Every structure is written in structure tokens, then in C-alpha cells.
There are 2 protein chains.
Amino acid sequence: MQKVTIKDVAKLAKVSPSTVSRVLSGSPSISDDTCKRVKNAVKELHYTPNTTARSLRCEKSKSIGVVFPDISGEFYATCASAILKYARMSDYTVLFTESGHNLKAEKDSIKALLERRIDGIIFIGDNSDIPLIQSIAAQSIPIVTGDRKVGNIPSVTFNNRETVQEMVDSLYKSGCRKFMYVGETPTGQSNLLNRYNGYTDALKKYSDTTSVIFLEESLHGDKLKTARRLFTKKIITSLPDVIITSNDLIAQGIISAAHENGINIPNDMQITGFDDLISSAYFIPSVTTVSQNIDELAKRCFSMLMDLINKKSAVSSIIEQNIISRSSAKINI
Amino acid sequence: MQKVTIKDVAKLAKVSPSTVSRVLSGSPSISDDTCKRVKNAVKELHYTPNTTARSLRCEKSKSIGVVFPDISGEFYATCASAILKYARMSDYTVLFTESGHNLKAEKDSIKALLERRIDGIIFIGDNSDIPLIQSIAAQSIPIVTGDRKVGNIPSVTFNNRETVQEMVDSLYKSGCRKFMYVGETPTGQSNLLNRYNGYTDALKKYSDTTSVIFLEESLHGDKLKTARRLFTKKIITSLPDVIITSNDLIAQGIISAAHENGINIPNDMQITGFDDLISSAYFIPSVTTVSQNIDELAKRCFSMLMDLINKKSAVSSIIEQNIISRSSAKINI
DNA sequence: CTGAAAGCGCTTACAG
DNA sequence: CTGAAAGCGCTTACAG
């Protein structure tokens, strides 16, 4: 590794380490001459500052931690990329950790972040260990949640509940009466819970409808495969007019299984997804879905966290979703 | 943040800080009694070790850096998740950075990693700033490359060239004569270059074939959109028997545009992709593609890097790809 | 088995 | 405008 320290630079530039440090941090009270000498020495020795030492001394690390359930999904991966972008602009580094669907892993990953002395945490994890998260906030370690609501921790969320209501209303108006909902069991993820609640909210208004609900634990795993199985095992025998799903992959799995069974979408049955995955626009038929501005989510989470880190107050906010009406279901908005 | 230090623990347990440190690191020469006292004090005070201080003192950070072009693509996101998994097992944290398709961003992200004093780097970046990477290795900072070959830096790669040859051979045998290749301009990414080279290698053997090649800079960006445009602007007027593409998204874009123009795949034209994206199996028609064992890539990269960090020698390796024959092109293997 | 001391590489009051 | 000194929180020879 690097062996060049600020002392070596100081020696070559014939100044004290303090002065080198001042030049490096852009302190104003430095004569032009010494400034130049130091900068030349830095270049000559290929000096790379040691942020570990800086962090220890300054008691802040200029790094943040981000907890995802699993960084490989398109939604989280896109979010990770956007967070990296905003962090880069502010010269922060990002430590990503995965909590899986596992309370212990979530605890462990938060512990790891705390040991690294990150300056703050963006929590977009799965189980939402509420006591743990609240105890972190109570220790006045900056923490915000994204796409989830945990107690009164500052958060950025989407208006899932209203969006699903709107979809159901529109589908009802266009003639749908047999409804179905397919989604993951919502354990601790307020976004999933709100999608489901929006569905039941809306249907309460209509007395001439039927509703079948599948909340499947296994949909947390391989959504495409599980959805396909669900369709051929349980749905095909009595098709609804429309299926509202909590995720594009679930919708795609059902569409693919329906196609194999000679069922035409949207003619025989309609279906909607969530998340507007890239593939959904190009799927055949293209998938009617809900797009969420992930860049905006990342931006607000990051800037809210910066506010907290800089001792300013952070204000939670809600981002409006957009219904994207495509071939798999006609929704008028 | 945490204010509890090893000194506080020492005071409570009535021992010296040295002893606390020894207990924490599991040193054997500690009496049961003091060990217990220290552990109780740790619990009582909710002591969280400060790895920043540890890193500074020990001159290693137990963290590694990973450079991706963009973590949001399915391939890289899956790889990131797998690297996190292996890092977790060895109690390492991971700093991901993005280089974009931009030499300066690549330099900056590597610089940021070096300043953080990561113990080593897994480079899966884009432009492959060869001098920079080699200078890092020359400073004996552990670095390995994944899915790319950079000089004689230890690497884990796939056998792209042979795989594409095999595909072309099989397609030739099944009667294809009009071939086309669609891919990104291969700038510094040896994987892309090798896919292209495998294609030209194979076609050299057959005198009764035609070949049209599109190497597009813009395919580095939105592959689906670019591929669609390419199809309607340049390909549709003279369909080949088969298109070999360097990426499933390119294949999906073309399939979708073809479908809109009433062209039947595979009957009117066949097409292959690369990477075996999740959606490719469920696309209609399903996409014939090449699957790469990303978990194995991550595993080998990580363990090779650990070898380097532990002063052992690292040996490069090549992982075999698998051709997945689906509906969009029939390949016999 | 345990403690006192030195030091990892920085930054920042303090003094001049 | 600049330097000497102290200290961030650890670990680890050294000594006993």
C-alpha cells in the first residue's frame, strides 16, 4: 500500500506537517510560495491522503451506509446507482449491505455499518427491525428510510395506496367485476402493505364485485417462477377479469404462463404490475404498470440524510407514482 | 455517534485498555474472570468497536473496493450481490464505485478507493485505464479484474470467443447463411471484443455466407431503444437468417420491433443474445442466449483478491459459458 | 496473565 | 503565515 505520509511531503516541501494539512484542506492563511512547494511535493511523491486517519481524527467518515434486502433486483440496483451518483457529488462514499429477508442479517449489516462509523444510514431494508432502527435514531445517529415508513423516522415514500385505488376504480369503470390480487406477504414493508390496502379499500366501495387474494410468502423469492406456478395451479381454473399484482415480475410470470395455456391477455384477462421494469415495456403484451421515480427517491433520501448529518431538521415526503397504461390492461387516467 | 470507547469499557471492567483489546480480539492468554468482566462491560455500555481506529493502527481496513461501469445493470447488480455475499463470509466490507463509460470517472473512483485505504480492488470497470491499473499493481496494491483481461493482472474471465464460434457453427449447420452481428463498440472491454472476434473467426471458415456487422457506440446506453431503432432503420429492409447480438437487451429490442412489424421469430429470422437475463426466459418468444455463472465469477474474484492480500500468488482462470437454446434461435449443442 | 507506552496518519487549537 | 503538541481509538511489542 501507500507508504507516503504527510510527513514525507512536509520534509520535501521544507514545512511542517501542519502546513501540509492546511494546504490540502484549502486553508486560506497560506502563502503562495509554500502552497506551491507543498503541491509540488504532493505530486512528486504521489501522495494519497489517508482518509482513515482523517476520519479518526475528525470523528466523521464522509461515508454513509445503505441497507437493501438484496442489491441485485432491478429496483434496488437502480436505487443503488442513483445513491452513488448523489454521494459522488458530495464526495461521500457508500457502503451497501444486504439484509436479505432475515432479521439477523439485517441486525448484522447495521452493526457492521455502525462499526465502520458511517456518518448516517439510508434504510431500505426488508424486515424493518423497528426497535433497532428507532434505537439508532435515539442515539442521534442520522438515519432515514426509503420506500418504507418506520415509526416516525424521516422517510421518503411513494403513494402506493392511492395509486392502487385509482387503478381499481378505473378498471371497475371499464367493466371489470371479478378482481384478484397477487402479491408478497407484506412483512414489515409498508410499501407492500399499502398496495394491498389500496386494493381492499377500493373494492369496499363496490358491492357487485368479487375478489380473490393471494398473499404468498414464496413471492419474496423467485417471483417469476412462483407466479407461473400459482397461475397454473390456482388461477387458471377460474380466471378473473383482472389481476392486480404488486410487482412486474409477478405479472410477467403470469402473462407467460397464460400465453402457454392459450389465454389471451388482455382479451381473456387483464393484469397490472408494479415498478415499471425495463423489460415490461418490451414484453409481449407490454405490461401495464406503475412507475416510481427512483432517482428522486435516492435524491431525497440522500439530501435528507445530509440534513440530519448537518444537524438540520429533515422533513419526510411522499413521491407521486405514475400509472403506465400499456397492452396488458387498459387504465384510463 | 457512539461515544463509548475501549477506555470506558476498561474502566468499568477494572482492567487496562490493552486487556479489553485482547479480549475483543480473542487473545488466548486471558483469565476467564477478566474475560467475563470485560464482556459484561461491553454489553452494559453497548460498546461498538471503532474499525476506523483499528484500520489506522493495523494498516489494513478489512474492506475492498469494486469498480463497475454502472451497478444498475442486471449483470453487475447480480455480481455486486454475490461479491457482498462472499465478503460477508470473510467479514469484509465492500465499497462499490461506478466508472461510467468515462475515463475520468474511472480514475476518480479508483482514487477514492485508494484514499479509503481499501485492502484490494476488484476491477470490473469499463474503459480499463491500463496504465493506471498496472501502476496500482506495480505499487503492490492487490488488484484483480473480472470479466476483463488487463495486461497480466490476475483475472477471471469467460470463454466468450469460443462460445460465439460454437453458436455460429451450429447455426451454419442448421442452414443459416446470411449472418449479422449487432453489438457495442468494444472499447477496452475484452469480453465484448472476444464476442465479436468469435463471430468473425467462425465466419472465416465458411465461404458461402454473408455477414453484416453493426458495432454501435450508442448501444452502450439504452440498449433496448437503440436496438429497436437499428432494426426499423437498417435491418428490416434486408433480414438475415440470424442475428448474433452481444446482449439480451439488444436481442429483446430487436424482437420487440420485429414483432411490431409482423416479422415472426424464429420463422422469418433467428436471433441470439448474451447474459441470460431473467426476462429472457419469459420473453415471447423466449431468447436463446448464453448464461454466465456470475456467482462463480464473484467467488473466484474475491478469493483471488484474498490470496493477493494474504501475499499468496493468484492464478487467473476462465469460466465456461453455457449456451441456452430457446425459441428465438435453435442451437444444437 | 496483565499494564504502560508508543504509534498508526491525520487535524486543529494554541502560541508566536 | 507557520510550527510544536496533543489527541482521535485502537493494537502490540515490551516488560514484569
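The chains referred to below are lettered A, B, ... by the order of the sequence lines, with proteins before strands, and numbering in each begins at 1. What you see is a predicted model, and the numbers here were worked out from it, not measured in a lab.
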Undergrad: Any strand is fair game: report the nucleotide pairing with C:dA4 by Watson-Crick or G-U wobble, both distances under 3.5 Å, or none.
TA: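 Here C:dA4 is not engaged in any pair, so there is no nucleotide opposite it.
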Undergrad: C:dC1 P sits how many Å from B:K36 NZ, rounded?
TA: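 These atoms are roughly 14 Å apart.
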Undergrad: If I pick the C1' atom on C:dT12 and the same atom on C:dG16, what distance separates them, to the nearest angstrom?
TA: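 It comes out at 16 Å once rounded to the nearest Å.
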Undergrad: Considering only side-chain heavy atoms of A:T5, which listed nucleotide, C:dG9, D:dG9, C:dT2, is closest?
TA: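 Nearest listed nucleotide: C:dG9.
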Undergrad: Nearest to the side chain of B:S29 - C:dC10, C:dA6, C:dC1?
TA: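 Comparing C:dC10, C:dA6, C:dC1 against the side chain of B:S29, the answer is C:dC1.
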Undergrad: Are any of the side-chain nitrogens in B:R117 or B:E59 under 4.0 Å away from the carboxylate oxygens of its partner?
TA: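 Salt bridge flag = no for B:E59 with B:R117.
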Undergrad: Taking 4.0 Å as the cut-off, does a side-chain nitrogen or oxygen of A:S16 come that near to OP1 or OP2 on D:dG3?
TA: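 For A:S16, the contact criterion (side-chain N or O under 4.0 Å from OP1 or OP2 of D:dG3) is met.
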Undergrad: Round to the nearest Å and state the distance from A:K7 atom NZ to C:dC10 atom P.
TA: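 Answer to the nearest Å: 10 Å.
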Undergrad: Which nucleotide in the list C:dC8, D:dA5, C:dT11 gets nearest to the side chain of A:S18?
TA: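 So the side chain of A:S18 is nearest to D:dA5.
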Undergrad: Quick one: B:L56 CG to C:dG7 P, roughly how many Å, whole number?
TA: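 Distance check: B:L56 CG to C:dG7 P gives 14 Å.
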Undergrad: Take the protein atom CD1 of A:I30 and the nucleotide atom P of C:dT12, then report the distance between them rounded to whole Å.
TA: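 Roughly 13 Å, once rounded to whole Å.
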Undergrad: Does the pair A:N50 and B:E115 meet the rule for a side-chain hydrogen bond (donor to acceptor under 3.5 Å, both in side chains), with working shown?
TA: CA-CA 5 Å; A:N50 183 333; B:E115 292 188 354; over 6 Å; no
Undergrad: Write down the distance between CZ (B:R116) and P (C:dG9), rounded to a whole number of angstrom.
TA: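 Value for this atom pair: 17 Å.
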Undergrad: Measure from NZ on A:K60 to P on D:dG9 and round the result to the nearest Å.
TA: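 In whole Å, D:dG9 P and A:K60 NZ are 15 Å from each other.
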Undergrad: How many whole angstroms separate atom CG of A:N50 from atom P of C:dT11?
TA: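 That distance rounds to 10 Å.
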Undergrad: Indicate yes or no for a side-chain donor-acceptor contact from A:N310 to the backbone of A:D307 under 3.5 Å, with no hydrogens or angles considered.
TA: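 Judged by distance alone, no pair lies under 3.5 Å.
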Undergrad: Does B:D108 pair with B:K104 as a salt bridge, N-O distance under 4.0 Å?
TA: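 Answer for the salt bridge query: yes.
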Undergrad: Return the value, rounded to whole Å, for the distance between atom NZ of A:K11 and atom C1' of D:dG3.
TA: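 In whole Å, D:dG3 C1' and A:K11 NZ are 16 Å from each other.
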Undergrad: Go nucleotide by nucleotide along DNA chain C from the 5' end; which of B:D32 and A:S25 gets its closest nucleotide reached first?
TA: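 Nearer the 5' end of the strand: B:D32.
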Undergrad: Considering only heavy atoms from C-beta outward, does the side chain of B:R116 approach that of A:K62 to under 4.5 Å?
TA: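 Answer yes - side chains close enough.
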Undergrad: Could you tell me how far D:dC14 sits from D:dC10 if I compare only their P atoms? Round to whole Å.
TA: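 To the nearest whole Å, 24 Å.
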Undergrad: Is the side chain of B:T5 donor-acceptor paired with the backbone N or O of B:K7 at a distance under 3.5 Å, no angle test?
TA: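 Yes, because the side chain of B:T5 sits within donor-acceptor range (under 3.5 Å) of the backbone of B:K7.
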Undergrad: NA contact type, B:T52, heavy-atom cut-off 4.0 Å: base, sugar-phosphate, or nothing?
TA: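 Since no nucleic acid heavy atom lies under 4.0 Å of B:T52, the category is nothing.
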Undergrad: Answer with base, sugar-phosphate or nothing: what part of the nucleic acid does A:S21 contact at a heavy-atom distance below 4.0 Å?
TA: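 A:S21: base contact, heavy atoms under 4.0 Å.
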Undergrad: Using heavy atoms to find the nearest nucleotide of DNA chain C for B:R57 and B:V15 separately, return the residue whose nucleotide is more 5′.
TA: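 Looking at DNA chain C, the more 5' nearest nucleotide goes with B:V15.
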Undergrad: Ignoring hydrogens and angles, answer whether the base of C:dG3 and the side-chain atoms of B:R22 contain a donor-acceptor pair closer than 3.5 Å.
TA: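 Yes.
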Undergrad: Of the options D:dG3, C:dC10, D:dT12, whose atoms approach the side-chain atoms of A:A53 most closely?
TA: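 It is C:dC10.
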Undergrad: Is any side-chain N or O of B:S31 closer than 4.0 Å to OP1 or OP2 of C:dT2?
TA: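 So the side chain of B:S31 is within the cut-off, an N or O lying under 4.0 Å from OP1 or OP2 of C:dT2.
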